[in-house]
Amino acid sequence: MKTLYKVIFASFFSVFLIVSCSRKKDKFINRNYHAITAEYNALYNGYNALEQGRNNLNQNYFDDYWNILPIERMQISDEVILPGQSKNQDFTRAEEKAVKTIQKHSMNIEGKERNPQMDEAYLLLGKARYFDQRFIPALEAFNYILYKYPASDKINQAKVWREKTNIRLDNNELAIKNLKRLLFQEDLKGQDLADATSMLAQAYINTKSLDSAITQLEIASNATKSNDERGRYRFIQGQLYNELGYKDSANYAFDRVIELNRKTPRIYMISAHLEKIKNFDFENGNKLEATELLTELEENRENRPFLDKIYHQIGVFHLKNKSDSLATAYFNKSLREKSRDKILIARNYEILGDMNFNKSLYRNAGLYYDSTMTNLVLNSKPYRIIKRKRDNLEDVIYYEGVAQVNDSILHLVNLSEPERLAYFETFIDKLKQKAEEEKEAQERQEALKRNTGLITSNNLVRGSSTGGTGQSTLFYFYNPTTVAYGKNEFIKVWGDRALEDNWRWSNKSNSSGANVTTANNVLAAATEDELYNPDFYISKIPSEQKEIDSISKERNYAYYQLGLIYKEQFKELNLAKDKFQELLKSNPEERLVLPSKYNLYKIYEALGENDEALIAKEEIIKNYPESRYATILSNPELISDKDENSPERLYEALYVKHENQEYAEVISKCEEYINTYDGEAIVSKFELLKATAIGRLYGFEAYQKAINHVAVTYANTSEGVQAQNIETNVLPKIANKEFVDENSDISGHYKVIYQFNNTKLEAIKEFQKTLDEVLKNIKYYQLTSSIDVYNQNTIFVVVHGLKNRQVAKTFNQLLSKEDKKKIKKPYFAMASANYQIIQIHKNLDTFLNVYNN
């Protein structure tokens, strides 16, 4: 009997399932079966996958607190995703569940959806696509809900998500319009109100309407049910107030974040404290109270994950408080925390670089700027700014090194024999002490290796050779002691070599000049006896007057260049004054004396040292009455742009010669005028004109080198900026030297070219005159000619206006019999595009080898 009941029940249940599974019948059982199955099966799993994907996004997302935070923590990737691919498998799974729900449980009967869960399915579909950064398909899903389910209880959510997607697509104005209409028409409450107003705030931020964004964030922070969101919204409010310059309002907003304490992520509270410190008023604020707060933040154990930010802000506080040594210590502490924040690391290095720069420690500043650039995005605007700073230091570092080394050599030259002996005996004592320290370090290293080998053997026996500790100890570069020892050994043998190709070559010098490398090489090549023998070093001191004079001239020129750089580029007038004064004490070459004295006069004048300026002025006028400097100082009103011998007039005349393709003379004259007016503003103009002439005469590689010299040496002038722009934007476009295939169908123009030797200028002009008369006789073509310089030995006479290669190659067939007698010189033809390439890269021979005209 029981078996019969079971059979009847099973049959009835099977019939019930079969009947209820139909999606074509609008029955109570059918509707509820599909609704329940959709909600508690596919949709449940889909929302779980979506939530897991969102959690992964939040964990991997890194907020940039240097800029205004976005409302939503979501990293937008520029990576192109092909159809069928996905950035996150969780979102793919969520999308699949939504699609499965729609396919298997949709009850679209007579144009109306009968399953109340379908709006949820489309909402899930849109969210999955949104978080997978496929915004156009996501927008379609949200629009479908608004179109097909206007009475849905999820309609307001769909509207908010649609506008979130519009914001991601940069349709901010449309999003603002739609969200304002939604808030006006609907009485939103709770999380719906928070979502709508927060997204409206994001749209206002994107359109720079910051005051409107603050108002919406206030509504959102009060309406949201999530304390995480509340802390974020209030923190962003504080950032916006700071952006608008309302520091008191910003501090109030940050205080409200701090009040949330443990209810919101700790990073918001720490960042709020640090933002308040940034707003500290150093004139009227309580510095002791601020110091106590920073110390409390530093010592709190819970703040250890944020010490990189805390140390940095303490460093900034001490820097503004004129405590440079404390600031340096804290910036270094921040760097030792190995932060994930690349911008923070870059700022630490940049500030340390600026501090060294302000102390005139330019070599150290350059090293810090190098580290700064490694933590910035390549070719970004901050990167280019730091790179320009670093490039400007290149000459300073080099000339300071030359001056320092050559001063040391000349100091040794001027010492008496007993003084030299005493000097090198002290030096040898230091060498011996250093050798003892290195020996002790080597012994410790060998002991460490033995211990490491023993530990490794034990780990192998235990089967843990792949463990983190054993492996870390085994690897050379993971051990700071071995690394430090290796660095010392390298410097001992090779000297301070730059990181570059062919670094072992003897002519490779470090940035302090060739003599430093020479000194290191001397030490490396010395035997054990020589190393500790004073006579060995004394024998290396230059003794020939010619060599001593050469070192002295090199040192003097370094002083002169340093004086100019400090005066013109860095505006360090006191440093420039010291360099020029030292130069004049050192019996410099005559060509450096007058410019140095004139520059000193200008420096005295700028520093307000009127007595010294008057003395320098009278000395120049008295001792150099025929010089242009004396004319300027005696009668400044006579020096005007109309002066035929003024540098401005000379530049204009040279520019005319450049337009007339007299490139060799332009280069020669520019070099002459650069030496004549060394130290004056006009020099950068001559340098840029010279670089352009070099490019026209010698080709791309020479031009690239010359432009780089202008960009680096005169970076703070308009010509330097122009050269930098050429180097960045123009040179890459003309770097290609590959010819266009002449045998293919090239659109454009062709040229007929007659080649001449550069020495026959009169014959060339006569030939062009005859050619112009002949071209007038050619029918159906508007042809012209020009004389173009190719290089210092070759000049072209070029026929322009031909649009067919075959016609260009058979140009002489266009001429009448009489004209052919006048134009007998051989020619070759090429496309205009290839003519441009040979003029840029000077590779005519390569072209002729490929296309034997």
Side-chain angles (χ1 to χ4, degrees), residues 77-80 342 346 366 369-395 498-502 569 655 658-659 661 663 666-667 670 684-742 744 746-749 751 788-792 796 830-847 849-851:
S77 173
D78 294 331
E79 182 183 355
V80 176
K342 291 289 187 181
Y369 291 146
D370 286 338
S371 298
T372 303
M373 288 189 289
T374 61
N375 290 283
L376 294 173
V377 178
L378 187 65
N379 290 328
S380 62
K381 185 176 180 180
Y383 179 91
R384 292 196 299 272
I385 291 171
I386 298 299
K387 187 175 187 302
R388 183 166 295 176
K389 275 187 182 180
R390 179 63 180 86
D391 290 343
N392 287 345
L393 286 175
E394 196 68 44
D395 286 343
L499 181 60
E500 58 185 351
D501 292 339
N502 304 316
Q569 293 188 26
Y655 193 84
H658 181 274
E659 291 292 299
Q661 302 186 69
Y663 301 128
V666 169
I667 294 169
C670 278
S684 59
K685 289 183 176 294
F686 284 120
E687 287 279 14
L688 185 58
L689 184 62
K690 174 187 168 185
T692 307
I694 285 172
R696 293 293 180 88
L697 196 60
Y698 299 111
F700 178 80
E701 292 181 1
Y703 182 54
Q704 186 179 37
K705 185 176 179 181
I707 281 294
N708 178 261
H709 172 74
V710 178
V712 172
T713 309
Y714 304 95
N716 293 331
T717 66
S718 59
E719 288 75 22
V721 173
Q722 186 179 346
Q724 181 65 49
N725 182 58
I726 292 171
E727 189 174 32
T728 304
N729 301 318
V730 177
L731 292 182
K733 294 178 181 178
I734 63 174
N736 181 28
K737 58 173 69 175
E738 296 296 323
F739 294 115
V740 176
D741 187 2
E742 291 271 338
S744 63
I746 306 174
S747 60
H749 296 270
K751 300 186 184 298
D788 296 349
V789 173
Y790 174 69
N791 59 28
Q792 54 190 345
F796 295 148
M830 71 168 65
S832 296
N834 288 332
Y835 182 72
Q836 184 179 14
I837 289 172
I838 69 161
Q839 282 288 20
I840 292 172
H841 295 280
K842 307 302 176 186
N843 52 352
L844 174 62
D845 293 338
T846 305
F847 175 84
N849 288 335
V850 176
Y851 302 100

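Worth saying up front: this structure is predicted, and the values here are computed from it rather than measured.
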Decide side-chain contact (heavy atoms from CB on, under 4.5 Å) for Ile840 and Tyr703; before the verdict, give the C-alpha distance in whole Å, the side-chain angles of both, and the deciding distance to 0.1 Å. CA-CA 9 Å; Ile840 292 172; Tyr703 182 54; over 6 Å; no
Report the distance from atom [atom1] of [X] to atom [atom2] of [Y], rounding to the nearest 0.5 Å.
X	Y	atom1	atom2	answer
Met373	Arg390	CE	CZ	6.5 Å
Phe739	Asn843	CZ	CG	3.5 Å
Ser371	Leu376	OG	CG	11.0 Å
Asn736	His841	CG	NE2	6.5 Å
Thr692	Ile667	OG1	CD1	10.0 Å
Leu731	Ile707	CG	CD1	7.0 Å

A side-chain contact here means heavy atoms from C-beta on lying under 4.5 Å apart; do [X] and [Y] qualify?
X	Y	answer
Asn708	Gln704	no
Leu844	Met830	yes
His709	Glu687	yes

Which atom of Ala711 lies closest to which atom of Ala723, heavy atoms considered: N-CB, 3.8 Å
Does Asp788 form a side-chain contact (heavy atoms from CB on, under 4.5 Å) with Tyr835? I'd like the steps, not just the answer. CA-CA 11 Å; Asp788 296 349; Tyr835 182 72; 2.6 Å; yes
May I have the step-by-step check of side-chain contact (heavy atoms from CB on, under 4.5 Å) for Tyr383 and Val377, ending in yes or no? CA-CA 7 Å; Tyr383 179 91; Val377 178; over 6 Å; no
Which label fits His658 and Tyr663: parallel for a plane angle under 30°, tilted from 30 to 60°, or perpendicular past 60°? perpendicular
Parallel under 30°, tilted from 30 to 60°, perpendicular over 60°: which one fits the rings of Phe796 and Tyr790? tilted
Determine whether a donor-acceptor pair (N or O, by modelled atom type, separation under 3.5 Å) exists between the side chain of [X] and the backbone of [Y].
X	Y	answer
Glu719	Leu688	no
Asn834	Val740	yes
Asn849	Asp845	yes

NZ or CZ of Lys842 within 45° of Phe700 ring axis and under 6.0 Å: no
Can you name the residues that form a side chain to side chain contact (heavy atoms under 4.5 Å, CB included) with Glu701, not counting sequence neighbours? Lys737
If you draw a 6.0 Å radius around CD in Glu738, do more than 12 non-hydrogen atoms from other residues or ligands fall strictly inside? no
